[in-house]
2 protein chains.
Amino acid sequence: MVEAGQTRKRRRRTQSAPTVADVARLAGVSPMTVSRVINREASVVEATRDKVREAIRALDYVPNAAARSLAGGRQSRIALLHSNPSASYLSEFLVGTLQEAGASDAQLVVEHCAGGESADVLAAKLDSHRVDAVLLPPPLCDDAALLAVLRDRGLPMVQIATGRAADFAHAVTIDDERAAHAMTRHLLARGHERIAFITGDTNQTASALRLAGYRRALGEAGRAAEPELVVEGDFTYRSGLAAAEALLARPSPPTAIFASNDDMAAAASAVAHRHGLDVPRQLTIVGYDDTPIATTVWPELTTIRQPIQDMARRGTQLLIAAIEAKRLGKAGSVRHECLDFELVLRESDGDRPRD
Amino acid sequence: MVEAGQTRKRRRRTQSAPTVADVARLAGVSPMTVSRVINREASVVEATRDKVREAIRALDYVPNAAARSLAGGRQSRIALLHSNPSASYLSEFLVGTLQEAGASDAQLVVEHCAGGESADVLAAKLDSHRVDAVLLPPPLCDDAALLAVLRDRGLPMVQIATGRAADFAHAVTIDDERAAHAMTRHLLARGHERIAFITGDTNQTASALRLAGYRRALGEAGRAAEPELVVEGDFTYRSGLAAAEALLARPSPPTAIFASNDDMAAAASAVAHRHGLDVPRQLTIVGYDDTPIATTVWPELTTIRQPIQDMARRGTQLLIAAIEAKRLGKAGSVRHECLDFELVLRESDGDRPRD
DNA sequence: GGTGCTTTAGTTAGCGCTAACATTACGGGC
DNA sequence: GCCCGTAATGTTAGCGCTAACTAAAGCACC
């Protein structure tokens, strides 16, 4: 009879991808050292590090995310709460988040969150998904009740593009005030004197900031904002239609209209055409956000572009760091970061018409 | 001296979530049985199954996805390739895909894919991400070269909303021909006789199907499509503007315009307003796709809604099944599925004006 | 009553990685 | 020379789950 050591090895792996062990063998080190190289730990001498990197390249090794998070006990799960009807915003946002989440092997849970929903229902949802942190794009980032619920549960969260960052939440924003200021300055530079402004929904904190930027630029140019040139909107196309009609019905209408978002700018453009006005020859119209409608309508809108993907990516990073910190029992300071916007010049703005 | 069994147990778990072992203990069964219940395996008697389910509920147990995919050796990674400028489509698509991927613990990789990119570059990207299957929303679903590359690499793929399903790829579609037919019938039912049609980009397979549906409905109503009422567009707002101008400049203009997507319908609506026409009182305009612009413009567009989330979900399911089948060495037959569309009635369609 | 089959449940080992500890190598101070 | 400290690497065990096997129980049939 053969010896007992003959126990048939049960194999489950078939032909799959290389593992740390394979890399370690090729590099002549232990698997642990490979792990350390992968995780960029300091305590590996450069020579060893190079050997390992070489082996990784040779084998075309990619770490197994599942094994990492299982062994590391990490397992970050981030919820993206959205109530936002703006699908384009969401999709850019998702792409940014997914990139970052993929890189840090965090899992993303996307949850639609109707405004009226009770806090308990929401909390139950988050619990059942074992959510560790929450990403809040607008307009949810400004929902005080929601923020409070999350804070009470001790969940790290990040407000994206809010105008009023809570002191217990991370935030990634652009400077709406400065962006609106820059756009207004641009219009002034093109010679416009009667510049109208269509405001956004007053419930969203960013709206006030945009108006403030507009006002400041006018003030700096030595002229006050004429009250009759500031019309209230609520970010909808419909409200833009009404606002533009009101503006163009004035005895001395503006030569430029700055709308607080692209939907309202597109509406203003439609109204202008209905009035037989040539955009931008006779009337300049600019928007804000650079959503798809900005490049859909004709002429394409000059607007302010927010780096949505970057904001999402950065927000996700902050959350992952926060989860890590929380796990280690550290407090982890709250960060408020401000990214750069971009003034996108297209075809809807022109010089002040000579009358 | 104490016995050797006294070896200090190294503990890594701290206070984390319940595991199969916890559930098993509570239910009085083995962990394996719990696993079987979770995976809905047949070989567990109803009584046992109930005990386990009860314990799961009591402990509020949620399986650890990382451990499952590590142990199960599954690890599906699905790439979503997109080149599509329509962000709204993408975001709905992403939400559907993420739901399904989350449920089956598959990982999603989102890759933007410029049209001109060489096949090698793309293939390298997919390899480096260890992609197991590919999701192809329009317009990439119609890219024959791309499809060929993927087929040659033996990757399962699913074409979403294509008009021409490849015999080597899965496909999830709606019946574009039937949808266009339904919309045209709706217009006929409202009394319209001169119904114009703005076509889509002829490179996308769905375009021809939509035109065909329109033609069939007219034919069934005993009238041929008048060639002068069919104008070519390419899915852009700009092309819709030109097409609508051409149509309304006709000696006897149409009383209804059916555009092959919402962007062009919105453009037609803008042109109508510029011509002083009341929509829908004097001119009916309908679109296709139910993208956000349909509800942004005023009046809101009557259109055809595709169940994008469902299509994404179903497509993802097909891929996961295909990956599984491939892993087991089975061929796995290619499936072409057709989901239901929805005719969304809003405010842009009306009865034929009495002249 | 024994043989063989099926159905249900349990055991064991291991997926790929890394935390925690162990070891080795080396340098400096007395 | 010896001890100790530090830096670099190795060893061991285990994260939570499930594939693959084993065992037990039930049943049919000769």
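Labels below follow one simple rule: chain letters A, B, ... track the order of the sequence lines, proteins then strands, and each chain is numbered from 1.
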Which residue is it: V23(A), D22(A), V62(A), V20(A)? I am looking for the one with a side-chain contact (heavy atoms from CB on, under 4.5 Å) to I56(A). V23(A)
Rounded to the Å, how far apart are M32(A) CE and dG10(D) P? 11 Å
So, is T33(B) close to the dG10(C) phosphate, meaning a side-chain N or O under 4.0 Å from OP1 or OP2? yes
Members of residues 42-64 of chain B that approach DNA chain C, where some heavy atom sits under 4.0 Å away: S43(B), V44(B), V45(B), T48(B)
What is the separation between atom CD on E41(B) and atom C1' on dT7(C), rounded to the nearest whole Å? 13 Å
Checking all strands, does V29(B) fall into the base, sugar-phosphate, or nothing category for heavy-atom contacts under 4.0 angstrom? sugar-phosphate
From dG16(D), dC17(C), dG10(D), pick the nucleotide closest to the side chain of A67(B)? dG16(D)
Sugar-phosphate, base or nothing in reach of S30(A), heavy atoms under 4.0 Å: base
Do L94(A) and V95(B) have side chains that approach each other closer than 4.5 Å (heavy atoms only, starting at C-beta)? yes
Give a yes or no on whether the backbone of I160(B) and the side-chain of H170(B) come within a donor-acceptor separation of less than 3.5 Å. no
So, is S35(A) near the phosphate of dT18(C), with a side-chain N or O under 4.0 Å from OP1 or OP2? yes
Any donor-acceptor pair under 3.5 Å linking the side chain of K326(B) with the backbone of G154(B)? yes
side-chain contact (heavy atoms from CB on, under 4.5 Å) test vs T316(A) passes for just one of L80(A), T97(A), V172(A), L98(A), namely T97(A)
Atom pair distance, as rounded to whole Å: CZ in R36(A) and C1' in dG10(D): 8 Å
side-chain contact (heavy atoms from CB on, under 4.5 Å) for V134(B) and L81(B)? Distances and angles first, verdict last. CA-CA 7 Å; V134(B) 181; L81(B) 261 36; 3.7 Å; yes
Whole-Å distance separating the CD1 atom of I38(A) from the C1' atom of dA19(C): 15 Å
Between atom CG in L70(B) and atom P in dC15(D), what is the gap in whole Å? 13 Å
Would you say R68(B) places a side-chain N or O within less than 4.0 Å of OP1 or OP2 belonging to dT18(D)? yes
